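Just below is one structure, and these are the notes that go with it.
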Amino acid sequence: MRNSNFALRFIFWSLTLGLVACTDKTETLSFPPLSDYAPLSVGKYITYRVDSLVFTNFGRSTEIHKYQMKHVVDALFTDGMGRPSYRIIRYISDSTARTAWQPDGTYYITSVSDQLEWTEDNLRVIKLHQPLRAEYTWKGNRFLPTDPFEPLYNFSNDDAMADWNFRIDGNPTTFTHRGNTYAEVLTVDAANESFNVPITSPNVYASRSRSIERYAKNIGLVYREFELWEYQPNPGGSGGPYKIGFGITQW
């Protein structure tokens, strides 16, 4: 009996130690640094082709304007919060880049330990956020004011932009667009909402909000689609229905 009890106790303690050994093991996860998908250095530049969606003739005509843009990392400086930031100067040319490059604005990129911020016209957006893993979400527009595009665009699309959930859509993968193929591309999906689009009921309000960006490892942003517009049927109003807003696709 004593030998039997001893055997049972031995088995019990062996099992207990085995469970403790299993629970003590931890898995260390590692994620790529922000610099992999936003490599910044003074003098670096990247050129994009751009399709710009504009509504002319008081919103009653739709046009696509085509041109090229060059984004040049101009300087490294310290922002108002004491953080190192890069000043980016944007230049514009025609769709063939045959005309001289003309300055078209300036913005700032700030990369801290866990997030990458883009600031332009005093609008601050968190473009990337750690951990860079599939399905991770963050409030990328949380620094934006209410109706950030007013008074230039008096529409409802930007009413709740601060609540947008930026989401890393899956693991890095290959991305091809118009003959260009990129490896290890990280996709950030922030908005994809449509109502009555395409407009099949012309007497009904319609709207479109779309924001998606793709970042290639060791290159940076290689594709961007940002579209905000609404359609007003304007019953009984002079001039008929109209659209207000804008859209941009760059690659």
Side-chain angles (χ1 to χ4, degrees), residues 30-52 66-79 83-93 95 97 101 103-121 123-138 140-141 143-144 164 166-191 210-227 247-251:
S30 61
F31 303 101
L34 294 173
S35 58
D36 277 7
Y37 289 92
L40 295 168
S41 60
V42 175
K44 178 179 179 178
Y45 70 90
I46 187 168
T47 304
Y48 298 98
R49 293 187 179 276
V50 179
D51 286 349
S52 178
K66 297 179 179 293
Y67 44 92
Q68 289 193 33
M69 275 190 170
K70 182 187 294 185
H71 296 232
V72 181
V73 183
D74 176 64
L76 176 65
F77 69 101
T78 301
D79 71 2
R83 306 174 305 172
S85 302
Y86 288 90
R87 180 172 65 238
I88 315 296
I89 299 179
R90 186 174 56 234
Y91 298 88
I92 191 171
S93 181
S95 61
W101 291 99
D104 187 61
T106 301
Y107 62 94
Y108 311 104
I109 293 180
T110 304
S111 182
V112 292
S113 60
D114 63 343
Q115 64 189 36
L116 183 83
E117 299 177 5
W118 174 309
T119 303
E120 183 173 6
D121 296 330
L123 299 179
R124 180 177 164 202
V125 177
I126 304 171
K127 294 285 191 172
L128 293 172
H129 200 293
Q130 290 284 21
L132 298 181
R133 61 172 173 80
E135 305 309 316
Y136 180 73
T137 64
W138 67 96
N141 291 334
F143 295 117
L144 293 185
W164 282 11
F166 285 48
R167 177 178 61 88
I168 297 179
D169 187 9
N171 295 313
T173 186
T174 300
F175 171 68
T176 300
H177 183 72
R178 300 199 180 188
N180 295 316
T181 299
Y182 307 93
E184 297 187 75
V185 174
L186 197 70
T187 298
V188 178
D189 199 326
R210 179 61 169 146
S211 177
I212 186 171
E213 295 184 345
R214 303 183 191 275
Y215 297 82
K217 188 174 182 179
N218 299 324
I219 298 177
L221 181 70
V222 294
Y223 179 86
R224 181 188 182 212
E225 185 179 342
F226 191 76
E227 192 173 337
I248 184 171
T249 301
Q250 68 183 64
W251 67 97

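The structure displayed is predicted, hence computed values, not measured ones.
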Phe77 atom CZ, neighbour heavy-atom count above 12 within 6.0 Å: yes
Determine yes or no for a side-chain-to-main-chain donor-acceptor pair under 3.5 angstrom, with Gln250 supplying the side chain and Arg49 the backbone. no
Measure from the side-chain N and O atoms of Arg167 to the backbone N and O of Val188, and report whether any donor-acceptor pair falls under 3.5 Å. no
Kindly say whether Ser211 contributes a backbone atom to a donor-acceptor pair with the side chain of Trp164 at under 3.5 angstrom? no
Between the CD atom in Glu225 and the CG atom in Asp189, the distance rounded to the nearest 0.5 Å is 9.5 Å
Ile219 side chain reached by Tyr182 side chain, heavy atoms, under 4.5 Å: yes
Would you indicate whether Asp121, at its atom CG, is surrounded by more than 12 heavy atoms from other residues, nucleotides or ligands within a distance under 6.0 Å? no
To the nearest 0.5 angstrom, please state how far the OG1 atom of Thr110 sits from the CG atom of Leu116. 8.0 Å
Can you check whether Gln130 reaches Tyr136 side chain to side chain, under 4.5 Å on heavy atoms? no
With respect to Tyr107, which candidate in Arg90, Glu120, His71 satisfies the side chain to side chain donor-acceptor pair (under 3.5 Å) definition? His71
Determine the minimum heavy-atom distance between Leu76 and Pro84, stating which atoms define it. CD1-CB, 4.2 Å
Expected output: side-chain Tyr67 to main-chain Val50 donor-acceptor under 3.5 Å: no
Is there a donor-acceptor contact under 3.5 Å linking the side chains of Thr119 and Arg124? no
Nearest heavy-atom approach of Asn171 to Ala134 is OD1-CB, 3.5 Å
Please walk me through it: do Glu117 and Tyr108 pass side chain to side chain contact (heavy atoms under 4.5 Å, CB included)? CA-CA 8 Å; Glu117 299 177 5; Tyr108 311 104; over 6 Å; no
Could you report the tightest heavy-atom contact between Leu186 and Pro172, atom names first, then the distance? CD1-CG, 3.9 Å
If you round to the nearest 0.5 Å, how far is OG1 of Thr78 from CZ of Arg83? 11.0 Å
Rounding to 0.5 Å, atoms CH2 (Trp138) and NZ (Lys127) come to a distance of 10.5 Å
When every non-hydrogen atom of Ser111 is compared with those of Leu34, the smallest separation belongs to OG-CD1, 4.0 Å
List the steps and the verdict of side chain to side chain contact (heavy atoms under 4.5 Å, CB included) for Leu128 and Tyr37. CA-CA 9 Å; Leu128 293 172; Tyr37 289 92; 4.2 Å; yes
Just wondering, do Tyr215 and Leu221 contact through their side chains at under 4.5 Å, heavy atoms? yes
State whether the side chain of Lys217 and the backbone N or O of Pro32 hold a donor-acceptor pair below 3.5 Å, judged by distance alone. no
Aromatic ring pairing Trp251/His177, orientation class (parallel under 30°, perpendicular over 60°, tilted between): perpendicular
If I take atom CG from residue Asp104 and atom NZ from residue Lys70, how far apart are they, to the nearest 0.5 angstrom? 13.5 Å
Closest approach of His129 and Ile168, non-hydrogen atoms and distance? O-CD1, 4.4 Å
I need the minimum non-hydrogen distance between Trp101 and Ala97, along with the two atoms involved. CZ2-CB, 4.0 Å
Using a strict 4.0 Å threshold on nitrogen-to-oxygen distance, state whether Arg87 and Asp79 make a salt bridge. no
Run the side chain to side chain contact (heavy atoms under 4.5 Å, CB included) check on Thr187 and Tyr223 step by step: do they pass? CA-CA 9 Å; Thr187 298; Tyr223 179 86; over 6 Å; no
Rounded to the nearest 0.5 Å, what's the gap from CZ on Arg214 to OG1 on Thr173? Could you check? 9.5 Å
Apply side chain to side chain contact (heavy atoms under 4.5 Å, CB included) to Trp118 and Leu123, showing your working. CA-CA 8 Å; Trp118 174 309; Leu123 299 179; over 6 Å; no
